[in-house]
Engineer: 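Got a structure for you, questions after.
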Amino acid sequence: MAHTTYESPIGTLTLVGDRGALDGLFMPDHSPAPDTTRFGDRDDAAFEHVVTQLDQYFAGERTAFDVHVRAEGTEFQQRVWQALREIPFGETRTYGEIAALIGSATAVRAVGLANSRNPVSIVVPCHRVISSSGKLTGYAGGIERKRTLLELEGALEPAITSTEEHSRRDDDRKG
């Protein structure tokens, strides 16, 4: 096993893998926290292809990843993670839609749990799963990172800050 770090717009990401496969992509304060004793030595060269694709993704030039992923999980988790990879860039799905897609329509909570255990964030786009009410719920890197990724992909309108809202109201009054 080897690892490297990548400075992204959502913080320092840690890439972990072996023999050309990506086993993990973890964010700061990742929850649940990964076992860092399994990261191995630092080897930046081993992840050049992933770093290039992440650069393209964050620049808005890449909508899908061509990375060999080797994530350890149960057969059910594997089915969920495969379904996540099928969610198109710029779109979201609900936990219920993922459950139905994998043939387990009543397993919504289990889908949520499997989604939360995805060890290869962003590449396996668990951030594209939202609640049936449209709310952003649960994300290993935190809700703000989930929001940022969905805004980057155009699946969400950028959040308006209170300062921008005040400016917009002032403009509306003047116009």
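Residue numbers start at 1 and run along the sequence shown.
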Engineer: Please answer whether the main-chain N or O of T148 pairs with a side-chain N or O of E151 as donor and acceptor at a distance below 3.5 Å.
Structural biologist: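 Such a contact is absent between E151 side chain and T148 backbone.
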
Engineer: Can you see which heavy atom on K146 is nearest to which on T137, and at what distance?
Structural biologist: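 Closest approach of K146 to T137: NZ-O, 2.6 Å.
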
Engineer: Do you know the tightest heavy-atom contact between G138 and Y95?
Structural biologist: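 Smallest heavy-atom distance, with atoms named: O-OH, 4.1 Å.
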
Engineer: Do side-chain atoms of Y6 reach the backbone of D55 as a donor and acceptor pair under 3.5 angstrom?
Structural biologist: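 It does hold such a pair.
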
Engineer: Looking only at atom types and distance, does a side-chain atom of Q53 sit under 3.5 Å from a main-chain N or O of V50, one as donor and one as acceptor?
Structural biologist: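 Flag not set: sc Q53 to bb V50 has no pair under 3.5 Å.
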
Engineer: Quick check for you: to the nearest 0.5 Å, what is the distance between R85 atom CZ and N118 atom CG?
Structural biologist: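 Output value for this atom pair is 9.5 Å.
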
Engineer: Before you tell me yes or no, could you show the steps for R42 and T4 under side chain to side chain contact (heavy atoms under 4.5 Å, CB included), namely the whole-Å CA-CA distance, both residues' side-chain angles and the distance that decides it to 0.1 Å?
Structural biologist: CA-CA 5 Å; R42 184 169 179 133; T4 193; 3.7 Å; yes

Engineer: Tell me the closest heavy-atom pair linking M27 and I10, and the distance in Å.
Structural biologist: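 That would be SD-CD1, 4.0 Å.
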
Engineer: Going hydrophobic residue to hydrophobic residue with side-chain gaps under 4.5 angstrom, can you get from V16 over to V51?
Structural biologist: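 Different hydrophobic clusters.
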
Engineer: I need the L156 CG to R147 CZ distance, nearest 0.5 Å.
Structural biologist: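 The CG atom of L156 sits 6.0 Å away from the CZ atom of R147.
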
Engineer: How would you list all residue pairs meeting salt bridge (charged side-chain N to carboxylate O under 4.0 Å, His left out) that involve residues 99-121, not counting sequence neighbours?
Structural biologist: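 Residue pairs passing salt bridge (charged side-chain N to carboxylate O under 4.0 Å, His left out), neighbours aside: none found.
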
Engineer: Are L22 and L15 close enough, and set up right, to give a side chain to side chain contact (heavy atoms under 4.5 Å, CB included), and what steps lead you there?
Structural biologist: CA-CA 7 Å; L22 187 64; L15 312 174; 4.1 Å; yes

Engineer: So, do I87 and T92 sit near enough that their side-chain heavy atoms are less than 4.5 Å apart?
Structural biologist: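 Sidechains of T92 and I87: no contact.
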
Engineer: Give a yes or no on whether E72 atom CD has more than 12 heavy-atom contacts from other residues, nucleotides or ligands under 6.0 Å away.
Structural biologist: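 No, because the 6.0 Å sphere around CD of E72 holds 12 heavy atoms or fewer from other groups.
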
Engineer: What's the shortest heavy-atom distance between L13 and S8, and which atoms?
Structural biologist: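 L13 and S8 have their closest heavy atoms at CG-OG, 3.7 Å.
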
Engineer: L150 vs L136, test: side chain to side chain contact (heavy atoms under 4.5 Å, CB included). Steps then yes/no.
Structural biologist: CA-CA 10 Å; L150 291 173; L136 302 186; 3.6 Å; yes

Engineer: Compare all side-chain heavy atoms of Y57 with those of L149 and state whether any distance is below 4.5 angstrom.
Structural biologist: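 Side-chain contact under 4.5 Å: yes.
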
Engineer: Would F65 and F89 count as a ring-ring contact (aromatic ring centres under 6.0 Å, His included) here? Give the steps.
Structural biologist: CA-CA 10 Å; F65 290 91; F89 180 91; 9.2 Å; no

Engineer: Under a 4.5 Å cut-off applied to non-hydrogen side-chain atoms, are D44 and T5 in contact?
Structural biologist: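 Of all side-chain heavy-atom pairs linking T5 with D44, none is under 4.5 Å.
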
Engineer: State plainly whether one hydrophobic cluster holds both I130 and L113, where clusters connect Ile, Leu, Val, Met, Phe, Trp and Tyr through side-chain heavy atoms under 4.5 angstrom apart.
Structural biologist: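 No, because I130 and L113 fall into different hydrophobic clusters, even though each may have its own neighbours under 4.5 Å.
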
Engineer: Do T94 and V108 come close enough that some side-chain heavy atom pair is under 4.5 Å?
Structural biologist: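 A side-chain contact is absent here, since even the closest heavy-atom pair is not under 4.5 Å.
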
Engineer: Can you tell me how far the CD atom of Q82 sits from the CG atom of L101, to the nearest 0.5 Å?
Structural biologist: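 Separation between the atoms: 9.5 Å.
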
Engineer: Tell me, do V124 and V69 make a side-chain contact under 4.5 Å, heavy atoms counted?
Structural biologist: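 Sidechains of V69 and V124: in contact.
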
Engineer: Which pair of non-hydrogen atoms, one from H30 and one from L25, has the smallest distance, and what is that distance?
Structural biologist: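 Between these two residues, the closest heavy atoms are CE1-O, 4.0 Å.
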
Engineer: Between S31 and Y139, is there a side-chain heavy-atom distance shorter than 4.5 Å?
Structural biologist: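 Not touching, per the 4.5 Å side-chain cut-off.
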
Engineer: Got a sec: does the CG of D35 have more than 12 other heavy atoms crowding it under 6.0 Å?
Structural biologist: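 It does: D35 CG has more than 12 such atoms within range.
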
Engineer: Determine which pairs satisfy side-chain hydrogen bond (donor to acceptor under 3.5 Å, both in side chains) with at least one residue from residues 120-134, sequence neighbours left out, and list them in order.
Structural biologist: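 Every pair satisfying side-chain hydrogen bond (donor to acceptor under 3.5 Å, both in side chains) with a residue in residues 120-134: H127-E153, R128-E153, S131-S133.
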
Engineer: If a pair satisfies side-chain hydrogen bond (donor to acceptor under 3.5 Å, both in side chains) and one of its residues is in residues 12-27, list it, with sequence neighbours excluded.
Structural biologist: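 Sorted result for residues 12-27: E7-T12, D23-R70.
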
Engineer: Around atom CG of D43, are there more than 12 heavy atoms of other residues, nucleotides or ligands at under 6.0 Å?
Structural biologist: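 Above 12, so yes.
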
Engineer: At what distance, to the nearest 0.5 angstrom, does OG1 of T36 lie from CZ of F26?
Structural biologist: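 Here the interatomic distance stands at 10.0 Å.
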
Engineer: Considering residues at least two apart in sequence or located in another chain, which fulfil the side chain to side chain donor-acceptor pair (under 3.5 Å) criterion with E75?
Structural biologist: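 With sequence neighbours excluded, E75 shows a side chain to side chain donor-acceptor pair (under 3.5 Å) to R79, given in chain and number order.
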
Engineer: Do the side chains of F47 and L54 get nearer than 4.5 Å, heavy atoms only?
Structural biologist: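 Heavy-atom side-chain distance check fails, nothing below 4.5 Å.
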
Engineer: Would you please name every residue forming a side chain to side chain donor-acceptor pair (under 3.5 Å) with Q56, sequence neighbours left out?
Structural biologist: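 Expected list: R62.
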
Engineer: Which atom names give the shortest non-hydrogen contact between W81 and A114, and what distance separates them?
Structural biologist: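 Looking at all heavy atoms of both residues, the closest pair is NE1-O, 2.8 Å.
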
Engineer: When you measure from the side chain of S104 to the backbone N and O of A107, does any donor-acceptor pair fall under 3.5 Å?
Structural biologist: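 It does not hold such a pair.
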
Engineer: Quick check on E61: does its CD atom have over 12 non-hydrogen neighbours (other residues, nucleotides or ligands) under 6.0 Å away?
Structural biologist: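 Yes, because the 6.0 Å sphere around CD of E61 holds more than 12 heavy atoms from other groups.
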
Engineer: Return the set of residues passing side chain to side chain donor-acceptor pair (under 3.5 Å) with E91 (not counting sequence neighbours), or none when no residue passes.
Structural biologist: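 Per chain and number, E91 pairs via side chain to side chain donor-acceptor pair (under 3.5 Å) with R93.
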
